[in-house]
Amino acid sequence: MMKKTCMLLLASVLGGVGVALPYELQAKTGPDFAVAGRYLAVGDCLHEREQEGVSSAKSDFPEWIRDMTADSRTVTVDADFSGILSAKDDPFIGFIGSDYQKLKIDFIKVQRKGSNQYDVTGTSTVRQNLSHFHGTIQILDNREFIHPMYGVDDTMEGKFKRRGCSVGKYRFEENRNEAGSGVFSGYLLFFWYQTPQDTIVYDDIFADADGYCNNQYAGTWQSYTTKQSKKCAWGQYRIPESGDLDVGAAEFSVNPKYLHHGWDERERTETEILRDFMRKNGYKEPSYQEFRNKCLFLFGVSLNESPEDYARSILPHVEYSLNEPARLMFTNAEGLFYQPEVSGAPTEAAARRMLATKENGLGDQLVAYNKLLFNDDDAALAYFGNHPDEAIEVVYNLDYEGKPALTKKAIAFAHQTDVYTGFTEDILFYHNKSRGFRKNFIADIYQYCCTDKKKTEDFEYLIYSYIGAYKQLDYKPEVKDECLVYLISCLMDYDRKHDEEVFDLRYAKSYQFVSNVLTSNPDIAKRLKAKNYYNNKQLEELMNIVAASHEDEADTYDANMVWYHIVDPDGYCNLREKGSPSAKIIKRIASDSPVDVINSKGDWWKVKTSDGTTGYVHKSRIKKY
């Protein structure tokens, strides 16, 4: 009577009466509810199990297996379990690592090779990084449950001879030639029952009940290259040893704090949509190592050893992101499934339409950027020729210098913008700091600018902006100084080629710039002297002349004359058509440039620059020598 009472209690819980318990209180006994173990272990039910001599699994088995086989005893079973091990009733769900990254395991083939050994081939996937594995499963112990349950309302009573489980060990070796590969090893547990015809079949008697599970695997994965080990586990319906990952009562449900570790199916779907679209449009997907190398070279970004992140940020002022599994840059601030104009959640079909629709331009942009940056494909040049802002972006902000024709076009486009005062660091230095400053690119800008007086202002804006930002830039002093020396050498070259403009040394562009440098950053002179001015004799002479003029300029100039120059922390100030902050800007005057004051009434003074241009400058930016 006591046994029947215990069975009724369990049947009521398992029979779907609306009881949903937290997972930490769930199954400890067999493939049924874990709560079954808890209920059995109460009062007379526990006494009855003890009286019937229930044996425990081997002490060297993991605790989770001993717990789930507590109501069982070892038996002899001669059966081919390959059908159970390879059952596709429900796909495996799994995790790897202490952060519970999603792990997908798929058995391609399971074949019996001996009485207790099985040959297994399959694949593992983490963040779209797929590896092929081959290995073995060794059955260690076959067990029969002492108090088998017969399903909801005892519908299976009389339909099986016994219910049981088997414990084994597994070792699956991934292909060493594939990225991020290693070895899976650990223990497994699966459940079966024997039919009246003596056939051993997959135990799905309580498949619709809360807490049901089968084909449970838990152990570790060890990397071939780093020898680092990570815990991992997988199973059907539930995952053993899953900690706080599973917060489901009725069925497996991921703790929200781990969703971004690969459990968001939308990320994977979006990645597959992107890869499919890019391949159809001629993108040659690089190997993951090639992709990592290019991202480090261009952006200074170190990607994960194996592809994990779906949206790795690039630069603070660039909204694009790197999709490691797809090996591409995603050129949209929001994902394909972000469609607020669509009623309800966007479908996969809607996401594909968004990418393929010509009107929004997203697909064309995505293909062009990636073909250029990661394929060096000339076919992308036409797109950037028709999109000036984006030509500027890839060359000026993303450090791409692989196509000279594109670089020249971007420089010409940039002349119509304020890029030289807004992106000084991007223009002068590589994001990968080990590459130093962008000497060749600076040379291209200079060659374009020095051909025309108006264009020359672009180069002056750039170098004076550099001085304004010099102290804040996070680069080694020698790298910043090497860049500075090169900029000065460009200005000296300009002065030589335009000596007709230099009727007084003070009006030489190189002189004005060096004077500004020594005024705002006096320590630079000592460092350059220690480096022998980087073997630039002309620079040494110029700096000595400027330094000397700073020391005795009071004696050099007529005592009755008042000399003025521009002083602005931004490296330049605006010369305006009228004395108003909203008046048209005529040009920009580099800081430390001499000016003649024509009228000093009010807050806006009328001045004349070295080239004879007149206009108005706020008096706060004009200082006496």
Side-chain angles (χ1 to χ4, degrees), residues 420-421 424 428 442 445-446 449-450 452-470 480-481 483-525 528 533 536 538-554 556-557 561-575 585-597 605 607-615 617 620-625:
Y420 291 111
T421 57
T424 307
L428 296 178
I442 295 170
I445 294 173
Y446 169 67
C449 292
C450 73
D452 180 273
K453 182 177 291 188
K454 186 67 176 176
K455 294 176 182 175
T456 304
E457 293 178 0
D458 289 345
F459 194 72
E460 292 185 86
Y461 299 157
L462 173 64
I463 62 176
Y464 279 98
S465 294
Y466 177 45
I467 289 303
Y470 184 92
K480 294 196 289 186
D481 289 348
C483 180
L484 177 66
V485 168
Y486 187 71
L487 292 173
I488 296 172
S489 70
C490 289
L491 290 179
M492 290 191 295
D493 179 75
Y494 180 90
D495 290 332
R496 283 193 299 271
K497 292 177 178 178
H498 301 80
D499 57 353
E500 73 282 356
E501 298 178 11
V502 187
F503 52 87
D504 186 302
L505 183 60
R506 290 189 308 119
Y507 296 108
K509 295 186 183 299
S510 56
Y511 179 97
Q512 294 170 9
F513 182 60
V514 170
S515 179
N516 185 281
V517 169
L518 297 185
T519 300
S520 57
N521 297 278
D523 290 342
I524 290 177
L528 295 187
Y533 301 95
N536 188 327
Q538 292 179 324
L539 173 61
E540 181 180 0
E541 293 173 4
L542 177 61
M543 294 199 73
N544 287 336
I545 291 172
V546 174
S549 69
H550 281 192
E551 292 176 359
D552 62 8
E553 62 186 7
T556 301
Y557 301 120
M561 294 290 293
V562 179
W563 299 87
Y564 295 96
H565 67 147
I566 298 298
V567 176
D568 195 300
D570 292 333
Y572 65 89
C573 75
N574 294 319
L575 181 69
I585 297 174
I586 300 173
K587 65 176 292 182
R588 288 172 176 171
I589 311 174
S591 190
D592 204 46
S593 297
V595 292
D596 293 331
V597 176
W605 291 7
V607 302
K608 180 189 289 186
T609 65
S610 59
D611 64 359
T613 305
T614 60
V617 173
S620 63
R621 298 296 186 262
I622 304 173
K623 305 294 181 184
K624 293 180 181 179
Y625 272 109

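What you see is a predicted model, and the numbers here were worked out from it, not measured in a lab.
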Enquirer: Could you work out, with salt bridge (Lys or Arg N to Asp or Glu O under 4.0 Å) as the rule, every residue matching E541, not counting sequence neighbours?
Expert: none
Enquirer: Has the side chain of D495 got a donor or acceptor atom that lies under 3.5 Å from a matching backbone atom of S510?
Expert: yes
Enquirer: When rounded to the nearest 0.5 angstrom, what is the spacing between CD in E460 and CD1 in I589?
Expert: 10.5 Å
Enquirer: Check whether any side-chain heavy atom of Q538 lies under 4.5 Å from a side-chain heavy atom of S489, and answer yes or no.
Expert: no
Enquirer: Evaluate the side-chain proximity of K623 to Y564: yes if any heavy-atom separation is below 4.5 Å, no if none is.
Expert: no
Enquirer: Do T614 and I586 have side-chain heavy atoms sitting under 4.5 Å apart?
Expert: no
Enquirer: Using the salt bridge (Lys or Arg N to Asp or Glu O under 4.0 Å) criterion, which residues pair with D481? Sequence neighbours excluded.
Expert: R527
Enquirer: May I have the step-by-step check of side chain to side chain contact (heavy atoms under 4.5 Å, CB included) for D458 and I445, ending in yes or no?
Expert: CA-CA 9 Å; D458 289 345; I445 294 173; 5.9 Å; no
Enquirer: Side chains of N536 and M492, heavy atoms from C-beta outward: is any pair under 4.5 Å?
Expert: yes
Enquirer: What do the steps show when you test H498 against T456 for side chain to side chain contact (heavy atoms under 4.5 Å, CB included), and what is the final call?
Expert: CA-CA 12 Å; H498 301 80; T456 304; over 6 Å; no
Enquirer: What residues form a ring pair (Phe, Tyr, Trp, His ring centres under 6.0 Å) with F459, not counting sequence neighbours?
Expert: Y446
Enquirer: Under 4.5 Å between any side-chain heavy atoms of V607 and I622, yes or no?
Expert: yes
Enquirer: Fit a plane to each ring of Y572 and Y461, take the angle between them on a 0 to 90° scale, and name the class: parallel (under 30°), tilted (30 to 60°) or perpendicular (over 60°).
Expert: tilted
Enquirer: Any non-hydrogen side-chain atom of L428 less than 4.5 Å from a side-chain atom of L462?
Expert: yes
Enquirer: Apply salt bridge (Lys or Arg N to Asp or Glu O under 4.0 Å) to R621 and list each qualifying residue two or more places apart in sequence or on a separate chain.
Expert: D568
Enquirer: Give a yes or no answer on whether the side chain of N574 reaches the backbone of I585 with a donor-acceptor pair at less than 3.5 Å.
Expert: no
Enquirer: Is there a side-chain contact between Y466 and K480 in this structure, where contact means two heavy atoms from C-beta onward sitting under 4.5 Å apart?
Expert: yes
Enquirer: Decide salt bridge (Lys or Arg N to Asp or Glu O under 4.0 Å) for E457 and R588; before the verdict, give the C-alpha distance in whole Å, the side-chain angles of both, and the deciding distance to 0.1 Å.
Expert: CA-CA 7 Å; E457 293 178 0; R588 288 172 176 171; over 6 Å; no
Enquirer: Between V617 and V595, is the side chain to side chain contact (heavy atoms under 4.5 Å, CB included) condition met? List the steps.
Expert: CA-CA 10 Å; V617 173; V595 292; over 6 Å; no
Enquirer: Could you report the tightest heavy-atom contact between I566 and C573, atom names first, then the distance?
Expert: CG2-SG, 3.5 Å
Enquirer: Taking ring pair (Phe, Tyr, Trp, His ring centres under 6.0 Å) as the test, write out the residues that go with F513, two or more places apart.
Expert: Y464
Enquirer: Sequence neighbours left out, what passes salt bridge (Lys or Arg N to Asp or Glu O under 4.0 Å) with K497? Give chain and number order.
Expert: D493
Enquirer: Of L528, V546, I524, which meets side chain to side chain contact (heavy atoms under 4.5 Å, CB included) against V517?
Expert: I524
Enquirer: How far does OG of S515 sit from CE of M543, to the nearest 0.5 angstrom?
Expert: 10.5 Å
Enquirer: Should L542 and I488 count as side-chain neighbours, where that means a heavy-atom distance under 4.5 Å?
Expert: yes
Enquirer: Between atom OG of S591 and atom CD1 of I463, what is the distance when rounded to the nearest 0.5 Å?
Expert: 11.5 Å
